[in-house]
Amino acid sequence: MESVIPLAFTASWASGINPYLLVFLAGLLGRFTGAEVPPGFERMDVLVIFGVLVVIDAIADKVMLVDSAWDVVNTAIRPIAGAVVAVLIVTPDVDLPTAEVAAAGGTVALITHLAKATTRLAVNTSPEPASNVVVSVAEDVAVCGVVLVAVVNPWVAAAIALVLLTVAVVVAIIVARAARRGIRRVRQWGVAES
């Protein structure tokens, strides 16, 4: 149980960014390397479905404004995926501690998702499309890297995920405050011209 908690946390964090890539990568690792992952992830039908979803996510996430619409759709999916994956990692039997882990997993995934969506809205205001692609690729690389580290050392992966989550929340707060200041200035400017 000791290494299960950091794995559940790491998976919840990854679910907040890209649950499809998490399940697909974990399934491949379980199927081809013998890594301990929830058995359902290794099934061929799950791999195919999540492989298709990875491709859809990869495309949608790199197109300006489409990625924000995709984030809106995933606002419900990512936290639920975080909760489900956390429960599956801990145990297939649901009891009170497992339910608590599921709630924590869903919360971590939701916070991660909201930080990601806020930051991506700011990136979408950039006039050039390259920043959107760079940020999207960086997110995918971060998920892959942390999931791979989790296989080797769950505590290190959890620490990395916690740092990345903290940075994402801080950046999202800064972006949200800057946006509010900008909106206030525009409104004041509009009132001054009237």
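Throughout, residue positions are numbered sequentially from 1 according to the sequence presented.
- H113 contributes no side-chain N or O that, together with a main-chain N or O of S15, makes up a donor-acceptor pair within less than 3.5 Å.
- Remark: side-chain polar atoms of T75 are paired, donor with acceptor, to backbone N or O of D71 under 3.5 angstrom.
- Under a 3.5 Å cut-off, the side chain of D61 and the backbone N or O of D57 do not form any donor-acceptor pair.
- Pairing each heavy atom of A86 with each of S12, the nearest pair is CB-OG, 3.7 Å.
- One N or O on the side chain of T118 and one on the backbone of L114 form a donor-acceptor pair closer than 3.5 Å.
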Apply the test side chain to side chain contact (heavy atoms under 4.5 Å, CB included) to residues I56 and W70: give CA-CA distance (whole Å), side-chain angles for both, the deciding distance (0.1 Å), then the verdict.
-> CA-CA 10 Å; I56 291 170; W70 185 246; 3.7 Å; yes
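- Closest heavy-atom contact between T119 and A168: OG1-O, 4.4 Å.
- V156 and L162 fall within the same hydrophobic cluster, defined by Ile, Leu, Val, Met, Phe, Trp and Tyr side-chain heavy atoms under 4.5 Å apart, directly or through other members.
- Classification of D140 and K62 as a salt-bridged pair holds, one side-chain N sitting under 4.0 Å from a carboxylate O.
- Although no hydrogens or angles enter the test, the distance criterion places no donor-acceptor pair under 3.5 Å between the side chain of R78 and the main chain of A109.
- By the 4.5 Å heavy-atom criterion applied to side chains, I17 and L22 are not counted as neighbours.
- Using a 4.5 Å cut-off on side-chain heavy atoms (C-beta onward), V143 and Y20 make no contact.
- Just one residue in the list L53, V52, V46 forms a side-chain contact (heavy atoms from CB on, under 4.5 Å) with I49, and that residue is L53.
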